There are 2 protein chains.
Amino acid sequence: MTPPSAKLTARRKSRPSFAPLTAHEAELAEFFVRMAGILGVPRSVAEIYSLLYAAPAAVDFDQIQGRLGMSKGSVSQGLKFLRDQGMVLSVKAPGSRRERWQPTASLAASLVTLLRSQVLPALEQSSPSLDRIVQGAQDSQASAEVIERLTRLRRWNARALELFPLMLPPPRES
Amino acid sequence: MTPPSAKLTARRKSRPSFAPLTAHEAELAEFFVRMAGILGVPRSVAEIYSLLYAAPAAVDFDQIQGRLGMSKGSVSQGLKFLRDQGMVLSVKAPGSRRERWQPTASLAASLVTLLRSQVLPALEQSSPSLDRIVQGAQDSQASAEVIERLTRLRRWNARALELFPLMLPPPRES
DNA sequence: CTGATGTTTCAATAATTTTTGAACATACGC
DNA sequence: GCGTATGTTCAAAAATTATTGAAACATCAG
């Protein structure tokens with residue numbers, strides 16, 4: 001599979017053959033993958049972020065694909081996700097169309113954004129539901145115990161809903 | 001499929017034909033399912049918990065299976081999960097072998113336990129990894145920027161690891 | 001003791017999620 | 001403006017995760 005001479009096959013693009021991850025890079029990736037897993041973020045996304053996180057400089061599309069050995073589709077979708085979450089940003093080298101990626105400043109902020117994007121919609125959707133449910137429990141002659149439980153649930157939901165926006169201002173446009 | 005008369009088929013056990021969920025019960029279940037989804041807890045487990053949560057009294061195995069329309073296997077596994085997380089407990093009616101289930105007192109406490117069970121192992125596993133990684137970055141001449149990032153990551157990890165045990169005493173045996 | 005009742009186990013199946021790759025769009029350097 | 005380097009889309013395949021159901025197991029009432 002490996003061409004005898006790189007020069008011969010490299011007439012056109014000089015496909016660079018990327019280094020596999022170092023042991024440390026792989027270990028860091030496992031860390032990010034584990035943590036991401038808790039929030040339901042797919043492995044490929046965590047791997048991409050990890051690579052950028054430990055990189056000495058911004059990394060371009062082909063390097064990501066090459067070093068992680070994943071498909072173009074995955075890299076594209078993974079970067080889209082990370083971009084949408086505000087976890088990475090791209091810089092363009094002058095005189096090249098190619099984008100190069102790096103993590104944004106604060107991982108903490110990114111995580112809050114990520115959490116918010118998962119939890120907030122659920123909370124919002126639930127608010128009217130919980131109102132109806134508590135109402136229903138009171139109308140039917142539910143036990144005091146159950147009404148107490150449900151009311152507490154609603155209180156939590158409302159409180160979380162207030163609290164979340166305070167944790168960080170919503171991501172602004174660039 | 002439906003027998004003409006329940007009495008005829010019910011000679012032996014009087015299979016009780018369970019009521020489907022009320023609208024409010026279903027809505028509450030959706031709430032729990034959504035929230036559980038964030039932590040990767042399967043739908044069936046959330047449904048079981050929800051049923052118990054809104055029930056006026058402890059609920060037995062067959063009722064859970066019947067009202068939720070799920071298999072014995074799912075009910076058994078779901079209860080095992082909830083039991084292991086300390087989210088439900090069983091009471092036995094006297095003179096009956098059958099267990100009846102109800103939610104434990106504090107949902108909040110249960111959630112912390114659940115979170116812990118997901119996050120703690122990841123943190124613990126990661127600790128030595130991160131040490132090695134930071135070490136490696138320093139040994140090789142990584143950029144100050146990267147070393148800074150990795151060091152911060154390790155600090156976080158360590159802090160979280162200290163903090164978690166404080167949030168709630170580990171579940172004690174009964 | 002024993003047999004029916006109540007529960008667990010687990011291999012097979014179903015459902016869901018993730019990844020791939022080839023076709024399609026875009027825009028930039030020339 | 002053209003042609004191609006650069007990225008995106010999306011349907012299909014692969015991988016993962018959840019559910020089922022039948023058989024094994026356990027336990028207690030009689």
Side-chain angles (χ1 to χ4, degrees), chain A residues 10-16 18 29 32-34 36-49 51-52 58-84 88-101 118, chain B residues 10-16 18 29 32-34 36-49 51-52 58-84 88-101 118:
Chain A
R11 289 277 297 105
R12 217 161 226 297
K13 280 303 298 291
S14 84
R15 187 151 6 135
F18 302 95
F32 276 111
V33 166
R34 268 199 300 277
I38 292 169
L39 288 171
V41 173
R43 159 172 286 270
S44 63
V45 174
E47 286 179 347
I48 293 172
Y49 186 82
L51 181 65
L52 303 189
V59 182
D60 72 31
F61 195 105
D62 284 358
Q63 291 187 114
I64 297 172
Q65 187 187 352
R67 297 204 64 205
L68 294 177
M70 61 177 62
S71 69
K72 272 178 130 192
S74 284
V75 175
S76 177
Q77 289 179 187
L79 285 174
K80 174 172 173 24
F81 178 94
L82 292 168
R83 207 189 306 134
D84 291 350
V88 303
L89 51 81
S90 72
V91 296
K92 267 200 187 113
S96 160
R97 184 153 16 140
R98 187 156 261 192
E99 308 205 72
R100 312 180 71 226
W101 299 90
Q118 299 225 10
Chain B
R11 290 278 296 101
R12 214 158 227 299
K13 281 304 298 292
S14 82
R15 184 152 8 136
F18 301 94
F32 276 112
V33 167
R34 267 200 300 279
I38 292 168
L39 288 171
V41 173
R43 158 171 287 270
S44 62
V45 174
E47 286 179 348
I48 294 172
Y49 186 81
L51 181 66
L52 304 188
V59 182
D60 72 31
F61 195 106
D62 284 359
Q63 292 188 111
I64 296 171
Q65 187 188 352
R67 298 204 64 205
L68 295 177
M70 62 176 61
S71 69
K72 276 179 148 193
S74 284
V75 175
S76 177
Q77 288 179 187
L79 285 174
K80 175 169 171 27
F81 177 93
L82 291 167
R83 206 191 305 133
D84 291 350
V88 303
L89 51 81
S90 73
V91 296
K92 268 200 187 115
S96 160
R97 191 157 1 146
R98 188 157 262 194
E99 307 206 71
R100 311 180 70 225
W101 298 90
Q118 300 226 8

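Note on naming: letters A, B, ... go to the chains in the order of the sequence lines (proteins, then strands), and numbering restarts at 1 for each one. Note that the coordinates shown come from a computational prediction; the quantities given were computed from them, not determined experimentally.
Distance, Ile64(B) CD1 to dG6(C) C1': 13 Å, rounded to whole Å. The NZ atom of Lys92(A) sits 9 Å away from the C1' atom of dA27(C) (whole-angstrom rounding). Summarising the geometry, the separation between CZ on Phe61(A) and P on dA27(C) is reported as 16 Å, rounded to the nearest angstrom. We find that CE of Met70(B) is positioned 11 Å from C1' of dA18(D), with the value rounded to whole Å. The nearest whole Å value for the distance from the CH2 atom in Trp101(A) to the C1' atom in dG7(D) is 10 Å. Going from atom CD of Gln65(B) over to atom C1' of dG21(D) covers 10 Å, rounded to whole Å. Atom pair Arg43(A):CZ and dT17(D):P shows a separation of 10 Å (rounding to whole Å applied). Atoms CD (Glu99(A)) and C1' (dG7(D)) sit 9 Å apart, rounded to a whole Å.
For Arg100(A), no side-chain nitrogen or oxygen approaches OP1 or OP2 of dT6(D) to under 4.0 Å. Listed pair Ser74(A) / dT19(C) fails the phosphate criterion, with no side-chain N or O lying under 4.0 Å from OP1 or OP2. Within the 4.0 Å cut-off from OP1 or OP2 of dG21(D), not a single side-chain nitrogen or oxygen of Ser71(B) is found. At the phosphate of dT19(C), OP1 or OP2 sits under 4.0 Å from a side-chain N or O atom of Ser44(A).
Comparing Gly73(A) and Arg97(A) by the nucleotide of DNA chain D whose heavy atom lies nearest to each, the residue mapping closer to the 5' end is Arg97(A).
Counting only heavy atoms from C-beta on, Lys80(A) has its side chain closest to dT9(D) among dT9(C), dT9(D), dT6(D).
At a threshold of 4.0 angstrom between heavy atoms, the contacts of Gln77(B) include nucleobase atoms, whether or not backbone atoms are also involved.
Interface remark: the Lys72(B) side chain does not form any donor-acceptor pair with the dG6(C) base, using a distance-only criterion of under 3.5 Å.
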